[in-house]
Amino acid sequence: MATIDEAVNGYMNAIKVMDLGVLMATLTPEALGKAMAMGGGPPAGITNINAEQKSEENGEYVYHLAVEASSGAGTMMTRWREIDGQWKVVDLGQV
C-alpha cells in the first residue's frame with residue numbers, strides 16, 4: 001500500500017494532468033459530491049501545486065493543497081482516510 005505522502009503526491013499529479021480516472025478513484029462519493037458542488041475541477045492552466053500536512057487525528061490526515069494557475073491561485077483542504085487498503089479523500093473544501 002502507498003504511504004499517505006505517496007497518495008497525496010499521486011493525487012496532485014492527477015490534478016496537474018487532469019487524470020479523471022485517478023481523481024474519481026481517489027474521492028469517496030461524498031467528497032466527489034462536494035467537488036462537483038464547488039465547480040467540478042481545478043482551475044485551468046495549473047502551473048504549480050504543493051501539499052502541506054496540517055493535522056493527523058484518529059488515522060485521518062488533513063492536507064492543504066496550494067494551487068497556482070494561470071487563472072489565479074487558491075488552497076484546498078483535503079481530508080484523507082485509509083479505506084479498504086487505499087488512501088481516499090473523504091472530505092474537501094476551499095480554505
_Just checking Glu57: does its CD atom have more than 12 heavy atoms from other residues, nucleotides or ligands closer to it than 6.0 angstrom?_
no
*Can you tell if the side chain of Val8 reaches within under 4.5 Å of the side chain of Asp5, non-hydrogen atoms only?*
no
*What do the steps show when you test Met77 against Lys54 for side chain to side chain contact (heavy atoms under 4.5 Å, CB included), and what is the final call?*
CA-CA 9 Å; Met77 179 281 298; Lys54 291 295 186 177; over 6 Å; no
*From Leu65 CG over to Met76 CE, what is the distance, rounded to the nearest 0.5 angstrom?*
4.5 Å
*Are Val67 and Val17 linked, directly or through other ILVMFWY residues, by side chains that come within less than 4.5 angstrom of each other?*
no
*Under a single-linkage definition using a 4.5 Å side-chain heavy-atom cutoff for Ile, Leu, Val, Met, Phe, Trp and Tyr, are Ile46 and Val95 assigned to the same hydrophobic cluster?*
no
*Exam field: side chain Lys88 to backbone Ala25, donor-acceptor pair closer than 3.5 Å*: yes
*Going from CD1 on Ile4 to CD on Glu60, what distance comes out if it is rounded to the nearest 0.5 angstrom?*
10.5 Å
*Which distance, rounded to the nearest 0.5 Å, do you find between the OH of Tyr63 and the CD of Glu52?*
10.5 Å
*Same cluster or not: are Leu23 and Val89 linked, directly or through other Ile, Leu, Val, Met, Phe, Trp or Tyr residues, by side-chain heavy atoms under 4.5 angstrom apart?*
yes
*Find the distance between CG (Asn50) and CD (Glu68) and round it off to the nearest 0.5 Å.*
7.0 Å
*Using the test side chain to side chain contact (heavy atoms under 4.5 Å, CB included), find all partners of Val22 that sit at least two apart in sequence or belong to another chain.*
Ala14, Asp19, Thr26
*So how far is it from Met12 CE to Asn48 CG, rounded to the nearest 0.5 Å?*
9.0 Å
_Run the salt bridge (Lys or Arg N to Asp or Glu O under 4.0 Å) test against Asp91 and tell me which residues pass, sequence neighbours left out._
Lys34
_For Ala7 against Ala2, the heavy-atom pair lying closest together_ = N-CB, 4.4 Å
*If two hydrophobic side chains count as joined below 4.5 Å and joins carry through other members, does Met38 share a cluster with Ile15?*
yes
*For the ring pair Trp87 and Tyr11, is the centre-to-centre distance below 6.0 Å?*
no
*Passes side chain to side chain contact (heavy atoms under 4.5 Å, CB included), Thr28 versus Ile83? Steps please.*
CA-CA 9 Å; Thr28 62; Ile83 300 173; 3.8 Å; yes
